[in-house]
There are 2 protein chains.
Amino acid sequence: MLQLSKKVEYGLIALRHMAMNQRGQVFTAKEIAAKYDVPYELLAKVLQKLSKAGVITSTQGIHGGYALARKPNELQVSHIISIIEEEKPTIAECYAEGGEDCQIFNVCTIRKPLGKMQQNLNLLLENTTLEQIV
Amino acid sequence: MLQLSKKVEYGLIALRHMAMNQRGQVFTAKEIAAKYDVPYELLAKVLQKLSKAGVITSTQGIHGGYALARKPNELQVSHIISIIEEEKPTIAECYAEGGEDCQIFNVCTIRKPLGKMQQNLNLLLENTTLEQIV
DNA sequence: TAATATAAGACCGTATTAGTCGTATTTATG
DNA sequence: CATAAATACGACTAATACGGTCTTATATTA
């Protein structure tokens, strides 16, 4: 209920790990997974998404790994969630993409009033950056 | 992902319906379900929880139904969620009751920093009352 | 060429959620 | 007093989401 998914948690933990160290330093999914006792494959997939989105860089091969590509204060939690979940964090179906498909869209009376709550959540997630999490 | 459950949505819709009308007016689960095209049995169970918690009153029998027991501005969304979900809305397992049982509790580095986000969410859900939703 | 890393996608088991059903109880009314 | 209409409550089922695993391919370096 309203909780971040494990994938997002793992992503944040990994990003924080990178942000704590020298800019540009490379870390493997394996070492991060081991350090925080997190399932390797799952973390790997999360990091792949973040890399595809340009949040981190990836280098393959024997000395490869991931490195933070942005400054921590430029990385909003809202953005990180969007990347990992492949959709924006919303408080209800109707605020997500294609929200008009909600079964009760037309008779729903709380959509408009809850919109304000959604906006406030957006603000909260935008104002929280990786910098705050370090 | 971060979304309110259907049960909470239905509960809010029903509460709003009551708040829109005269204080003390009685509504049946059936008529609300019909009006908003929401599954009757599910709504009924939600209303039962709200009634048990004292948010609405219930009267059985042929002219029975539910009526709002509090002023809309006294009804926080956070409270409504807690009643319906039977647990407080949290951003991560570790902030819920028994959160120390989280697998990675000890190595988790984001718990403390995310605590601020949790607090802000709490504020948001407390500051949003039924009055705002009417 | 071997070792080690990311890339990508299929797959599975389980937990949660949404929704249904059945039955008991209460209460007004003809 | 019988019946109808309402809540009360718990068991059950179905659908979906989530967490996690497995497999195979590709890239890079030594």
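Lettering follows sequence order; numbering is per chain, from 1. Since we're looking at a predicted model, the values are computed, not measured.
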Value rounded to 0.5 Å, distance of NZ in Lys35(A) from CD in Glu31(A) | 9.0 Å
Point-to-point distance, once rounded to the nearest 0.5 Å, from CD1 of Ile84(A) to CG of Leu12(A) | 6.5 Å
Interatomic distance where [atom1] belongs to [X] and [atom2] belongs to [N] [whole Å]:
| X | N | atom1 | atom2 | value |
| --- | --- | --- | --- | --- |
| Glu93(B) | dA15(C) | CD | P | 13 Å |
| Leu2(B) | dT16(C) | CG | P | 17 Å |
| Gln48(B) | dG10(D) | CD | P | 9 Å |
| Leu50(B) | dT7(D) | CG | P | 13 Å |
| Ile81(B) | dT17(C) | CD1 | P | 13 Å |
| Glu86(B) | dT17(C) | CD | C1' | 14 Å |
| Ile56(A) | dT6(C) | CD1 | C1' | 11 Å |
| Gln3(A) | dA17(D) | CD | C1' | 14 Å |

Does the side chain to side chain contact (heavy atoms under 4.5 Å, CB included) test come out yes or no for Leu2(A) and Ile91(B), once each step is laid out?
-> CA-CA 6 Å; Leu2(A) 281 176; Ile91(B) 224 177; over 6 Å; no
Minimum heavy-atom distance between [X] and [Y], given as atom pair plus value:
| X | Y | value |
| --- | --- | --- |
| Ala19(B) | Val134(B) | CB-CG2, 3.6 Å |
| Gln132(B) | Asn127(B) | OE1-O, 2.9 Å |
| Val26(A) | Gly64(A) | CG1-O, 3.5 Å |

Between [X] and [Y] (side chain of the first, backbone of the second, donor and acceptor by atom type, cut-off under 3.5 Å), is there such a pair?
| X | Y | answer |
| --- | --- | --- |
| Tyr40(A) | Ala29(A) | no |
| Lys49(A) | Ile83(A) | no |
| Tyr36(B) | Val107(A) | no |

So, Thr90(A) versus Gln3(B): side-chain donor-acceptor pair below 3.5 Å or not?
->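 There is such a pair (donor and acceptor under 3.5 Å, judged by atom type) between the side chains of Thr90(A) and Gln3(B).
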Assess whether one donor atom and one acceptor atom, taken from the side chain of Gln60(B) and the base of dT26(C), lie less than 3.5 Å apart.
->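 Answer is no: no donor-acceptor pair is held.
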Polar atom pairs (N or O), protein with nucleotides 18-21 of chain D, under 3.5 Å:
from    : atom 1 : to       : atom 2 : distance (Å)
dG19(D) : OP1    : Lys6(A)  : N      : 2.8
dG20(D) : OP2    : Tyr10(A) : OH     : 3.0
dT21(D) : O4     : Lys45(A) : NZ     : 3.1

Report yes if a side-chain nitrogen or oxygen of Thr59(B) is closer than 4.0 Å to either non-bridging phosphate oxygen (OP1 or OP2) of dT27(C); otherwise report no.
-> no
Run the numbers on Glu9(A) and Arg111(B) for salt bridge (Lys or Arg N to Asp or Glu O under 4.0 Å), then give the verdict.
-> CA-CA 10 Å; Glu9(A) 283 184 28; Arg111(B) 188 171 69 253; over 6 Å; no
Under a 4.0 Å heavy-atom cut-off, which of residues 62-71 of chain A touch DNA chain C?
-> Ile62(A), Gly65(A), Tyr66(A)
Can you list, by residue number, the residues of residues 19-34 of chain B that have a non-hydrogen atom closer than 4.0 angstrom to DNA chain C?
->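 Listed by number, there are none.
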